[in-house]
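Here is the structure we will look at, set down as C-alpha cells.
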Amino acid sequence: MPSDFKSIPLIDISPFLAKCDDPDVAEDGGVREVVRQLDEACREIGFFYVKGHGIPDSLLKEVRDLTRNFFHLPYDEKQKIKMTAVTGFRGYQRVGENITKGIPDMHEAIDCYREVKPGMYGDLGKTLEGSNQWPVNPSNFGLVMEEYISLLTDLARKIMRGIALALGGSPDEFEGDIAGEPFWVMRLIGYPGFSGSGGPRTAENDIGCGAHTDYGLLTLVNQEDDISALQVRNRSGEWIRAVPIPGTFVCNIGDMLKIWSNGLYESTLHQVINASPKYRVSVAYFYEPNFDAAIKPSEFCKEKTGGKEKFEQAVYGKHLVSKVLTNFVM
Ligand SMILES: N=C(N)NCCCC[C@H](N)C(=O)O
Ligand SMILES: O=C(O)CCC(=O)C(=O)O
Ligand SMILES: [Fe+2]
C-alpha cells in the first residue's frame with residue numbers, strides 16, 4: 001500500500017553511481033544515504049525522480065524531439081511502421097488503438113522490445129518474436145534510440161543494485177536468474193492536446209493513458225519539461241501530479257518487483273491526462289526481468305513481511321504477453 005504522500009521525492013543518485021559496482025559499495029556513507037532515500041520512496045510511494053544519473057540533457061531532449069517530429073508526420077507516413085501481430089507487436093499504433101481496462105487511450109505510440117529471435121523462448125516468446133521497426137527518416141532515428149536504450153539499460157541495472165541494497169539484500173540480487181539478461185520495453189508516446197472542441201470531456205476523450213501499473217521491475221520516464229500530465233494515486237485515492245522536473249527521470253516500481261519484495265515495494269497505479277492544449281510526448285523505458293524468469297517472493301523479503309507469501313509466482317514473459325494481447329484488439 002502506498003502512503004498518503006502528497007509529492008514525489010527527488011533523489012540525487014550521483015554518489016551511488018560512482019560506487020555502485022565496487023565490492024564494498026554498502027560501506028560508503030554517500031551510498032548509504034542514497035539507499036535510504038530509495039527505500040523510503042519505494043516503500044511509501046513506488047515513485048521517485050532521479051537526478052545525477054549521468055545521461056546528458058541533450059540526449060533526453062533529442063529522443064523527445066525525434067519522437068515528436070515523427071508523430072507530427074501524416075498518418076500515411078506513420079503507418080509504414082505499423083504495429084501488428086506479424087511484427088511481434090513492434091511499431092506504430094494510432095490514437096485509440098491501445099486499450100486500458102476496456103477504454104481506448106488517447107495516445108499514439110511506437111512500441112519497441114528487446115529483440116526476440118525465432119524459437120528463443122519457445123511458445124512463451126512467439127507473440128513478441130521480431131526486431132524493432134524504426135522510422136527511416138531521419139536516418140539516425142534507430143541509432144539514437146539504440147544508444148539511448150543501451151545507456152538506460154545500464155542506468156536501470158545500477159539503480160536496481162541500489163534497490164537491492166535498499167531491500168536489505170546483496171547488490172547483485174537482481175543479476176543472474178532474475179535479471180542477468182534483462183528484457184526491456186520502450187514506448188515512444190504522444191498525447192494530443194485537449195482541444196475543447198469535441199464537446200464535453202468524458203473518459204473516452206480525456207484519458208491519455210488509463211490507470212495501470214507497470215509490468216516489470218523499474219520504469220524510467222523521460223517526460224516533456226513544461227506539461228504536467230502524469231498522475232500517481234496515493235492511499236486515499238487522490239491523484240498526485242508527477243510535475244516535470246527538467247533533466248530528471250520519473251522512476252517507478254513494476255509488478256515483478258512488487259512480487260519479488262513480497263509487497264514491501266508497491267507497483268503504484270498511475271495515469272496520464274493531458275489537459276493542456278499542447279501536444280505532449282514522453283519516452284518510457286521499462287527495465288524488466290529475464291523474459292523467462294519465474295519471479296516469486298524472495299526468502300528475505302518474505303521474512304521481513306510476516307513470513308507468508310503474499311503473491312503467487314509469475315513468469316515475467318507470460319505476464320507481459322497477456323498484457324500485450326489485451327492492450328490491442330486486432
Ligand atoms: N509496458 C508497459 N508497462 N506499458 C504500460 C502501458 C499501460 C497501458 C496498457 N494499456 C495497460 O493497460 O497496461
Ligand atoms: O507518459 C507518461 O508520463 C507515463 C506513461 C506510462 O505510464 C506508461 O507508458 O506506462
Ligand atoms: Fe506506466
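Predicted model, so just to flag it, every value in this text is computed and none were measured.
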Under a 4.0 Å threshold between the charged nitrogen and the carboxylate oxygen, would [Y] count as salt-bridged to [X]?
X: Asp28; Y: Lys19; value: yes
X: Lys6; Y: Glu238; value: yes
X: Arg114; Y: Glu181; value: yes
X: Arg68; Y: Glu224; value: yes
X: Asp111; Y: Arg187; value: yes
X: Arg161; Y: Glu175; value: yes
X: Arg94; Y: Glu97; value: no
X: Lys296; Y: Glu309; value: no

### Message
If hydrophobic clusters are built from ILVMFWY residues whose side chains come within less than 4.5 Å, do Val321 and Met256 share one?
### Response
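As far as the 4.5 Å side-chain criterion goes, Met256 and Val321 are connected within one cluster.
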
Scan the side chains in residues 53-62 for donor-acceptor partners under 3.5 Å anywhere in the protein, sequence neighbours excluded, and list what turns up.
{"unit_1": "His53", "atom_1": "ND1", "unit_2": "Ile55", "atom_2": "N", "d": "3.0"}
{"unit_1": "His53", "atom_1": "NE2", "unit_2": "Gly247", "atom_2": "O", "d": "2.7"}
{"unit_1": "Lys61", "atom_1": "NZ", "unit_2": "Asp65", "atom_2": "OD2", "d": "2.9"}

### Query
Does Glu77 have any side-chain contact (heavy atoms from CB on, under 4.5 Å) partners at least two apart in sequence or in another chain, and if so, which?
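Partners of Glu77 by the side-chain contact (heavy atoms from CB on, under 4.5 Å) criterion, ordered by chain and then number, come out as Leu73, Pro74, Lys80.
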
### Message
Less than 6.0 angstrom separating the ring centers of Phe300 and Trp260, yes or no?
### Response
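Yes, close enough.
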
### Task
Only counting residues at least two apart or in another chain, list the ones meeting ring-ring contact (aromatic ring centres under 6.0 Å, His included) with Tyr285.
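By the ring-ring contact (aromatic ring centres under 6.0 Å, His included) rule, Tyr285 matches no residue at all.
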
### Query
Got a sec: does the CD of Glu312 have more than 12 other heavy atoms crowding it under 6.0 Å?
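Counting neighbours around CD of Glu312, 12 or fewer heavy atoms of other residues, nucleotides or ligands fall under 6.0 Å, so no.
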
### Query
Around atom NZ of Lys304, are there more than 12 heavy atoms of other residues, nucleotides or ligands at under 6.0 Å?
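Result for NZ/Lys304: enclosed.
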
### Query
Is there a donor-acceptor contact under 3.5 Å linking the side chains of Arg280 and Gln223?
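Yes, because at least one side-chain N or O of Arg280 sits under 3.5 Å from a partner of the opposite role on Gln223.
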
### Task
Looking only at non-hydrogen atoms, find the nearest pair between Ile178 and Ile295 and report the distance.
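Closest heavy-atom pair between Ile178 and Ile295: CG2-CD1, 3.9 Å.
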
### Query
For the residue pair Ile253 and Cys42, what are the closest heavy atoms and their distance?
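In terms of heavy atoms, the two residues are closest at CD1-SG, 3.7 Å.
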
### Query
Parallel, tilted or perpendicular for Phe70 and Phe141, by the 30°/60° rule?
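The rings of Phe70 and Phe141 stand perpendicular, inter-plane angle above 60°.
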
### Arg157 NZ/CZ over Phe174 ring centroid, <6.0 Å and within 45° of normal
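Not satisfied by the 6.0 Å and 45° rule.
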
### Task
Could you check Glu288 against Tyr316 for side-chain hydrogen bond (donor to acceptor under 3.5 Å, both in side chains), going step by step and ending with a plain yes or no?
CA-CA 8 Å; Glu288 315 282 88; Tyr316 166 68; 2.6 Å; yes

### Task
Starting from the C-alpha separation in whole Å, work towards a yes-or-no answer on side-chain hydrogen bond (donor to acceptor under 3.5 Å, both in side chains) for Ser3 and Glu44.
CA-CA 5 Å; Ser3 69; Glu44 303 278 319; 3.3 Å; yes

